[in-house]
Amino acid sequence: MEDPFDPVVSVDDKVLKVRTGYHNRRNYYIVPWMLMLSIMATYFTVESWPNFPSLAEDAHESMARIQEYRRTGYKPFYDIDEVEA
């Protein structure tokens, strides 16, 4: 049997497959949403990983600042010893 024309997709001895406009609408609406959500999920997953070098640098800066405060006798508006405890 020859290849059928659109909207008939395939013809067999027992099965006739018909393609409707739903399939075209699915491609126009669902596929872009799937792509967008996949890209956003990938972006948020990558951005959610902690930046360990930056966290270590911040910790070293905080410790240096605390040591400087203790060395100079500067008393900030909060008590460093209470913050550490």
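Worth knowing before you read on, the calculation uses all heavy atoms, side chains too, and leaves out hydrogens, waters and symmetry mates. What you see is a predicted model, and the numbers here were worked out from it, not measured in a lab. Counting begins at 1 with the first residue of the sequence.
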Listed by chain and number, what are the side chain to side chain contact (heavy atoms under 4.5 Å, CB included) partners of P50, not counting sequence neighbours?
->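 Listed in chain order: F52, L55.
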inquiry  = Using a strict threshold of under 4.0 Å (side-chain N to carboxylate O), is an ion pair present between R71 and E68?
reply    =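 Counted as a salt bridge, because a side-chain N and a carboxylate O are separated by less than 4.0 Å.
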Connected hydrophobic set around M34, excluding itself, where side chains approach under 4.5 Å
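Besides M34, the hydrophobic cluster comprises I30, listed by chain and residue number.
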Please tabulate, for the side chains in residues 40-48, all donor-acceptor contacts under 3.5 angstrom to protein atoms that are two or more places apart in sequence or on a different chain.
| from | atom 1 | to | atom 2 | distance (Å) |
| --- | --- | --- | --- | --- |
| T42 | OG1 | S38 | O | 2.9 |
| T45 | OG1 | A41 | O | 2.7 |
| S48 | OG | F44 | O | 3.3 |
| S48 | OG | T45 | O | 2.9 |

* To do: Give, for atom CG of D58 and atom CZ of R65, the distance between the pair rounded to the nearest 0.5 Å.
  =>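 Result: 8.5 Å between the selected atoms.
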Which residues share a side chain to side chain donor-acceptor pair (under 3.5 Å) with E61, sequence neighbours left out: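 Partners of E61 by the side chain to side chain donor-acceptor pair (under 3.5 Å) criterion come out as none, since no residue qualifies.
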